[in-house]
Amino acid sequence: MMKFLAILCLVSLVFFISDVGAKKDGLKRDYYKKTSCPQAEEVVAKMMKDIVTDDFRVAPRILRMHFHDCFVRGCEGSILLNSTSTDKAEKEARPNNPSLKGFDVIDRIKAELEKQCPKVVSCADILAYAARESVKLTGKCRAYAVRGGRKDGLISREIEALQNLPPPSANVSTLIKSFASKGLSLQEMVTLSGGHSIGRSFCAAILGRHNNFNNTGKPDPTLNSDLAAKLRKQCVALTDLVDMDTITPNTLDNKYYRGLLENKGLFTSDAALLTNKETLKEVKSNDFLPSAYWENKFVKAMIKMGEIDVLTGHEGQIREKCYVVNK
Ligand code: HEM
Ligand SMILES: *[C@@H]1O[C@H](CO)[C@@H](O)[C@H](O)[C@H]1NC(C)=O
Ligand SMILES: *[C@@H]1O[C@H](CO)[C@@H](O)[C@H](O)[C@H]1NC(C)=O
Ligand SMILES: *[C@@H]1O[C@H](CO)[C@@H](O)[C@H](O)[C@H]1NC(C)=O
């Protein structure tokens, strides 16, 4: 059965990828194969495998980083830039600082690629490939093609991260609007929310859920009371960490949706998916169908998210260091 599902997963992806094969935006499959850095994707894959084997937490961090990159100015590596004298960078913004980690990992991969083939592989592509490896290393889909050819942007602004990244307090209409503004459907929004099936959150992000909901001194009535009690024990300091998926915290799978249906979604934004007829229908079907069906949808939605507002061709640049634009 598992084998069958894995094959189904792959077969449907091949069809999907040939579907969007049109080169309208300049991205291509196997993009680096025709450059002086044909090994680019393999280098990212090999390094990510070693790094994640050594420290599992890197996989969820990089998956989240890719989402935060793509939702702000598109997938052009602006999340990686440091502040300048004129702009406080995205990475300094509340949704990213201090919770978003893993910048050092991208810097290490970039340094290795610059050593092997200087000035060829963009930071935006490295992040997109590394996020793909995170999915592969934590989920059950073997591999999937990610088109390359993204160029790196020149600007990163804190305010744009605040404007474009939905907060954990978001209600369902805000979530639907936020994703729609990036060309992603309600279905894709629910599918991508399954990214929360791995990783951990600072207790600071769940304030008002496990304790003192809306200043009532009680937990949020929409949060499972056993989980609320457990979270109150785990969260001694705001900087303590809790699993986002209480059922299979280290596996990218559809158990996130089972958790939601048991009122165990961590954030208000997770629980919000149960408050709208359409999103609830998606949650239920993602829970009901075998995980491979959801993973297949997840991968398609990841590919789409990974192509939001990309820079290609002569746009942007290929940064030599991911945290600073070229001199
Ligand atoms: C739907 C809107 C979303 C909201 C409001 C949201 C919010 C959050 C928040 C508040 C955290 C915890 C940060 C902290 O430690 O304080 C988090 C973690 C995470 N998010 Fe999201 N997120 C959303 C969508 C996504 C999507 C689309 C993905 C990827 C496909 C994703 C992947 C992750 C991952 C993997 C983590 C764990 C990171 C780690 O372990 O360090 N999220 N998210
Ligand atoms: C860039 O920012 C990171 C943290 O985001 C920091 O660790 C690093 O030291 C900065 N690099 C430079 C060269 O300023
Ligand atoms: C959802 O949140 C937004 C922004 O906070 C608010 O303007 C809107 O009224 C809320 N919608 C519902 C249905 O609660
Ligand atoms: C929060 O509390 C305020 C004031 O007591 C009340 O008007 C509001 O409806 C409450 N909000 C929710 C979501 O319960």
Side-chain angles (χ1 to χ4, degrees), residues 48 51 55 57-110 122-131 134-135 150 152-170 174-175 178-179 181-182 184 189 192-193 195-196 198-209 237-244 266-270 302 305-306 308-311 316 319 321-325:
M48 278 299 286
I51 293 168
D55 182 358
R57 295 172 305 176
V58 168
R61 287 169 175 171
I62 297 296
L63 177 58
R64 182 169 182 235
M65 189 185 288
H66 183 48
F67 162 52
H68 284 202
D69 185 30
C70 293
F71 264 54
V72 187
R73 287 187 169 263
C75 315
E76 37 60 279
S78 53
I79 186 72
L80 304 167
L81 285 172
N82 279 10
S83 295
T84 65
S85 56
T86 48
D87 285 315
K88 206 170 167 192
E90 285 169 28
K91 60 163 74 156
E92 308 289 343
R94 187 66 218 281
N96 297 321
N97 183 20
S99 62
L100 187 65
K101 298 192 162 73
F103 296 108
D104 56 314
V105 169
I106 301 300
D107 287 343
R108 269 161 70 190
I109 299 174
K110 176 62 172 175
S122 71
C123 296
D125 274 344
I126 292 174
L127 181 51
Y129 293 145
S134 297
V135 170
R150 294 167 191 75
D152 297 324
L154 307 177
I155 294 166
S156 178
R157 295 192 179 120
E158 175 190 36
I159 176 100
E160 294 178 351
L162 293 167
Q163 288 162 342
N164 288 280
L165 297 169
S169 58
T174 299
L175 293 173
S178 163
F179 279 66
S181 76
K182 304 296 168 188
L184 296 165
M189 186 272 285
L192 286 166
S193 295
H196 288 178
I198 51 169
R200 302 201 291 168
S201 167
F202 277 133
C203 291
I206 59 167
L207 282 185
R209 290 281 285 159
L238 294 181
T239 49
D240 286 333
L241 292 161
V242 291
D243 287 334
M244 310 233 302
L266 206 51
F267 307 128
T268 302
S269 58
D270 296 311
M302 279 291 292
M305 184 178 87
I308 295 171
D309 294 340
V310 290
L311 303 177
R319 277 181 225 143
K321 295 198 167 84
C322 292
Y323 55 82
V324 61
V325 300

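S78 contributes a side-chain N or O that, together with a main-chain N or O of V72, makes up a donor-acceptor pair within less than 3.5 Å. With hydrogens and angles ignored, the 3.5 Å screen pairs no side-chain donor or acceptor of R108 with any backbone N or O of I51. Between the side chain of R200 and the backbone N or O of P60 there is no donor-acceptor pair closer than 3.5 Å.
Each salt bridge (charged side-chain N to carboxylate O under 4.0 Å, His left out) pair with one or both residues in residues 61-71, not counting sequence neighbours, would appear here, but there are none. Residue pairs meeting the salt bridge (charged side-chain N to carboxylate O under 4.0 Å, His left out) criterion with at least one member in residues 80-92, sequence neighbours excluded: D87-R157, K88-E158. Residue pairs meeting the ring pair (Phe, Tyr, Trp, His ring centres under 6.0 Å) criterion with at least one partner in residues 75-103, sequence neighbours excluded, do not occur; the list is empty.
Listed by chain and residue number, P167 satisfy the side-chain contact (heavy atoms from CB on, under 4.5 Å) test with S169 (two or more places apart in sequence, or in another chain). The ring-ring contact (aromatic ring centres under 6.0 Å, His included) test applied to H68 returns no partner, not counting sequence neighbours. With sequence neighbours left out, the salt bridge (charged side-chain N to carboxylate O under 4.0 Å, His left out) criterion links R209 to D220.
The CG atom of D152 sits 14.0 Å away from the NZ atom of K321 when rounded to the nearest 0.5 Å. Residue Y323 holds its OH atom at 11.5 Å from CG of L81, rounded to the nearest 0.5 Å.
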For I79 and L127, what are the C-alpha separation, side-chain angles and deciding distance, and is it a side chain to side chain contact (heavy atoms under 4.5 Å, CB included)? CA-CA 10 Å; I79 186 72; L127 181 51; 3.8 Å; yes

